[in-house]
Amino acid sequence: MTENKVRVRFAPSPTGFLHVGGARTALFNWLFARNQGGVFILRIEDTDADRSRPELVEAVLNGLRWLGLDWDEGPYFQSQRLESYHALAERLRAAGHAYPCFCTPEELKQRREQAQKAGRPPKYDGRCRRLATEEVAARLERGERHALRFVVPEEGRTAFDDLVAGRVEVAHEEIEDFVLLRSDGQPTYHLGVVADDLDMRITHVIRGADHLSNTPKQILIYQALDRPAPTFAHVPLILGADRTRLSKRHGATSVTAYAEEGFLPEAFRNFLALLGWSPGDDSQLLRTEELTRRFSLQQVSRSNAVFDRQKLEWFNAEYLRSEPLEKILPDIEKELRRAGLWRDGFAAEEREWFVAAVELLRPRVRLLRDFSTWARAFFADEFDYDPAAVKKFLKDDRLAGFLSEELQALEKVSDWSHDEIEKAVRGVAEKNGVKAGLLINATRVALTGQAVAPPLFNTMELLGRGRVLPRLARLIERFADLTAASR
RNA sequence: GGCGCCAUAGUGCAACGGUUAGCACGGCAGUCUUUCAAGCUGCAGAUCCGGGUUCGAUUCCCGGUGGCGCUACCA
């Protein structure tokens, strides 16, 4: 039964990063393989030698690793499989399905432009296909530089049933005699994919819709070889907000950038899976287990999808506040380390405190990075006062005096608990005939530097008297300067 | 230009001949409240256009329009 085991592949070119479009394609392949109990293969399409370096490959692999898309075979490198391509090319040539072409790229370009101008289709005219056998032999003998072209049948059409797009048909007259082997001996994409997919016994080719129009060319090669073509599934493209193909103009396009910004892989995966695929009902939050269980190519949409950053952030926030703590703790640790805010005690004697802090913060955080920026004051004593917060909550000049009173009141609190702290702070407000909110908001700025933070009394209890009192004192001391600067 | 694919609210998806066209993100308003987030309640918002087929079309067919893709000795 292993003969019909599903085998799929993700075949990126080593561009130096994993593009979100590629990531989604990889994800669909991976989900399909896992769903079918199949094999997920990784292959690097690096036949364009000058664009391929080891570190570029590594970046792509890291993107996949971050996303948790583990591969069962590979990575294979096209650059190391040249013999296979040449063998296949030779077979095609020997069988009369391919012929040497002596036209230079410059000539071709020129002819193409001319044809365009004259309003004719810019298709290769097939002149080298009609060369006399003796002439070809002679020029080959002379060692003339040449490419190898595929013989596309003049008549008829090629059709295939795409699992996503449905039946697709293209007339042969629309397809030119495309190049299989470049004059430097490198295979082109068409020869490369077919050879690889054949050798690797790929059963399903799941790739971007940008390959749809070229698929008939590859099918023609399979037919020439008398080998069955794999099943194709072309998934729609991911577009930017302006509905053009996603590119740097649209902001981050590499998954690494999202990793660095503080997205959780699980959230990113969930979001990506729903771009062009639906479980068939209204479910949104789908963990990996559920994703693999429910994934099906039949449910892949045929229209392009716009990458919606806001929704991605919502997914992230959702995971941040609802995942089991143990699952996200390592990610938070990583972020704090990155920002130089991590203390080993957080995992040891301070662990209980650390967990309490995270629980207080995570319902209101969107990105992991928020832990080290917005929530900095929870993990470090040095932090800046957000000017907007100063402006908003330290407006009232009496606050300097009120906060001093509060400080004294807090010094007297014997049981440093939420309720006792609250009593003390409210007491000061009451005594002065002002709303408690005035003091509460100002205290929040004193303790966190922010206008927005978790509920104050919880925060105070958590920070502890040892940190609260000095921070209050520090703000009182700097009150005049700070408020002056914000006017 | 030619060829191919696509077309449901701003965005992502449901509805695969019969629903007041559903859900989520986002927006707006209210509620809670010590700021915020979350939660809860409510509001606005879509079947690209035109023809068919049918008792009945978001759904099937044709045409148009629009978007995207391909049209390389890139992948």
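Just so it is clear, the model here is predicted, and its values are computed rather than measured. Here is the naming used below: chain letters follow the sequence lines, and residue numbers restart at 1 for every chain.
Contacts with RNA chain B (heavy atom under 4.0 Å) in residues 230-240 of chain A: A/L237, listed by number.
Scanning for ring pair (Phe, Tyr, Trp, His ring centres under 6.0 Å) contacts around A/F295 gives A/F28, A/W277, with sequence neighbours left out. When the side chain to side chain contact (heavy atoms under 4.5 Å, CB included) test is applied to A/R465, the partners found at least two apart in sequence or on another chain are A/W416, A/L469. Scored by the side chain to side chain contact (heavy atoms under 4.5 Å, CB included) test, A/S283 finds A/P279, A/D281, A/L286, A/R294 as partners (sequence neighbours excluded). Under the ring pair (Phe, Tyr, Trp, His ring centres under 6.0 Å) criterion, A/F160 pairs with A/F232, sequence neighbours left out. Evaluation of the ring pair (Phe, Tyr, Trp, His ring centres under 6.0 Å) rule for A/F315 yields no partner, not counting sequence neighbours. Among residues two or more places apart in sequence or in another chain, the ring pair (Phe, Tyr, Trp, His ring centres under 6.0 Å) test is passed with A/F17 by none. In this view, A/R129 and A/Y99, A/V151, A/E154, A/D177 satisfy the side chain to side chain contact (heavy atoms under 4.5 Å, CB included) rule, not counting sequence neighbours. For A/V60, the side chain to side chain contact (heavy atoms under 4.5 Å, CB included) test picks out A/P12, A/L18, with sequence neighbours left out. Here A/E174 pairs with nothing under the salt bridge (charged side-chain N to carboxylate O under 4.0 Å, His left out) rule; sequence neighbours left out.
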For nucleotides 30-40 of chain B, just jot down a letter per nucleotide in 5' to 3' order: B, S or -, based on protein non-hydrogen atoms under 4.0 Å. ----BBBBS--
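Stem list for RNA chain B (at least 3 consecutive Watson-Crick or G-U pairs, distances under 3.5 Å): B:1-7 with B:65-71, B:10-13 with B:22-25, B:27-31 with B:39-43, B:48-52 with B:60-64.
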